[in-house]
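Here the structure is laid out as structure tokens; the discussion comes afterwards.
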Amino acid sequence: SRITGYKPNEIKGKSHLILRSDLQNDEFYHNMWKTLTESGNWCGELWNRTRGGQLYAALTDITAVSDTDGAVQNYVVLFSDITQMKDYQRQLERAAHYDALTGLPNRVLLADRLRKGMISSLQRNVSLAVLYLDLDSFKQINDLHGHTIGDQMLLILAQRMKEVLRDCDTLSRIGGDEFVVLLPGENDRKEIANIADKIIGALGSGYEAFGEHVPMSASVGIAVYPADGDTTEEILKNADNAMYAAKNSGKKCWRFY
């Protein structure tokens, strides 16, 4: 009653389906009943709903009770509420794969998506562009305006970049003021350069902080798989090298590796 919200007289005699959330599909329940029928026992996690409609995770053990002839008479179900544990697990998984400040994919998730993107590129015979972006003079901005302004700047930067990127693109923050963009399935170098121009242009207006204008610009290095490297490490390194070439060319610009 405490977990489900139902009083005994409300649920007694009702089907167990009254708790079902439909978060798990029919195939899941088919496999559950198949195991229960064949072995007489099933143990796993069920996502159910309370009387008020709230989801909860139940670690569940179901055992069939048979008579002396082996015919099933009843099922005994033992379950415990593990919702808080599942929430904590999700928080840990998010912390492991997403940047705490911007909510963007971090270096770990970027490497995984880059690896999968490279495999997809080979299978489809298309290219994958990697844009390595570094803010210009970010240390001076932090020193002059403080880290609070610096953090606001990174958040605004992330938002403006997302606005000019496509849904299929991946924007990640890999540390400090360094961001990486993955452009899947892009063979046209002119279009890649156009996207880099859009990113740089989106930052050009800077932003206002406490009544003071803070300029914002970035240098972008571009590497294209498979032409510019065979591994994730090589592609990222070459995009990074191209970014330094952009900085050496006067900043606020892009360069291909």
Side-chain angles (χ1 to χ4, degrees), residues 1-12 14-36 39-64 75-117 147-148 150-163 165-182 184 232:
S1 292
R2 180 176 55 81
I3 294 173
T4 68
Y6 287 96
K7 296 178 180 177
N9 65 331
E10 292 178 309
I11 203 168
K12 186 178 179 181
K14 300 282 181 69
S15 167
H16 60 89
L17 294 175
I18 197 172
L19 300 173
R20 182 169 168 173
S21 68
D22 289 328
L23 199 66
Q24 290 153 312
N25 59 26
D26 290 338
E27 183 182 2
F28 172 86
Y29 287 100
H30 172 77
N31 292 332
M32 181 190 80
W33 279 104
K34 185 172 182 290
T35 300
L36 187 55
S39 68
N41 179 261
W42 180 88
C43 185
E45 294 175 5
L46 290 177
W47 280 94
N48 291 330
R49 287 194 186 277
T50 67
R51 188 178 188 277
Q54 293 177 313
L55 282 169
Y56 68 94
L59 182 61
T60 306
D61 186 292
I62 307 174
T63 301
Y75 294 96
V76 175
V77 182
L78 302 177
F79 68 95
S80 56
D81 185 354
I82 58 168
T83 310
Q84 284 189 332
M85 186 178 75
K86 299 296 288 185
D87 289 342
Y88 181 61
Q89 183 181 359
R90 278 197 295 269
Q91 290 172 17
L92 289 178
E93 289 173 354
R94 180 163 185 83
H97 294 100
Y98 290 89
D99 174 56
L101 175 65
T102 62
L104 296 175
N106 63 13
R107 184 183 293 271
V108 174
L109 187 53
L110 169 70
D112 180 64
R113 290 189 180 179
L114 177 54
R115 198 160 38 243
K116 291 176 180 176
H147 289 280
T148 299
D151 286 348
Q152 288 183 4
M153 189 174 183
L154 293 173
L155 286 168
I156 291 172
L157 166 67
Q159 183 58 41
R160 289 186 184 177
M161 283 198 290
K162 283 193 285 188
E163 289 172 358
L165 293 173
R166 307 165 301 182
D167 291 339
C168 63
D169 302 330
T170 292
L171 170 63
S172 66
R173 181 188 178 209
I174 61 173
D177 59 333
E178 294 180 317
F179 294 78
V180 171
V181 179
L182 303 183
T232 57

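The CD1 atom of I156 sits 11.0 Å away from atom CG of D151, with the distance rounded to the nearest 0.5 Å. The CG atom of L59 lies 9.5 Å from the NZ atom of K86; values are rounded to the nearest 0.5 Å. One finds the OG atom of S39 at 10.0 Å from the NZ atom of K34 (value rounded to the nearest 0.5 Å). Interatomic distance, OG of S172 versus CE of M161, reported as 8.5 Å (0.5 Å rounding). A distance of 10.0 Å separates OG1 in T60 from CG in L19, rounded to the nearest 0.5 Å.
Considering all non-hydrogen atoms of both residues, S1 and Y6 come closest at OG-O, 2.9 Å. Across all non-hydrogen atoms, the minimal contact from V181 to L171 is CG2-CD1, 3.7 Å. Between A57 and D81 the shortest heavy-atom distance is O-OD1, 3.3 Å. Closest non-hydrogen pair, P184 versus D169, comes out as CD-OD1, 3.4 Å. What you find for L109 and P105 is that their closest heavy atoms are CD2-CB, 3.6 Å. When all heavy atoms of L101 and L155 are compared, the closest pair comes out as O-CD2, 3.3 Å.
Other residues, nucleotides and ligands contribute more than 12 heavy atoms inside 6.0 Å of the OH atom of Y29. Under a cut-off of 6.0 angstrom, the local environment of CD in E10 is crowded, with over 12 non-hydrogen atoms contributed by other residues, nucleotides or ligands. More than 12 heavy atoms of other shown residues, nucleotides or ligands fall within 6.0 angstrom of atom CD in E93.
Listed by first and then second residue, the salt bridge (charged side-chain N to carboxylate O under 4.0 Å, His left out) pairs involving residues 24-33 are R20-D26 (not counting sequence neighbours). Under the salt bridge (charged side-chain N to carboxylate O under 4.0 Å, His left out) criterion, the residue pairs touching residues 99-113 are D99-R173, D112-R115, D112-K116, with sequence neighbours excluded.
N41 and T63 form a side-chain donor-acceptor contact under 3.5 Å, judged by distance and modelled atom types alone.
A tilted orientation is assigned to the rings of W33 and H16, their planes being inclined by 30° to 60°.
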Can N48 and F79 be said to form a side-chain contact (heavy atoms from CB on, under 4.5 Å), step by step? CA-CA 11 Å; N48 291 330; F79 68 95; over 6 Å; no
Are T35 and W42 close enough, and set up right, to give a side-chain contact (heavy atoms from CB on, under 4.5 Å), and what steps lead you there? CA-CA 6 Å; T35 300; W42 180 88; 4.0 Å; yes
**OP:** Please report the C-alpha distance between L104 and F179 in whole Å, then the side-chain angles of each, then the deciding distance to 0.1 Å, and finally whether the side-chain contact (heavy atoms from CB on, under 4.5 Å) criterion is met.
**Re:** CA-CA 10 Å; L104 296 175; F179 294 78; 3.8 Å; yes
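In this structure a side-chain-to-backbone donor-acceptor pair under 3.5 Å is missing from Q89 to Q84.
The shortest side-chain heavy-atom distance between V77 and D61 does not fall under the 4.5 Å cut-off.
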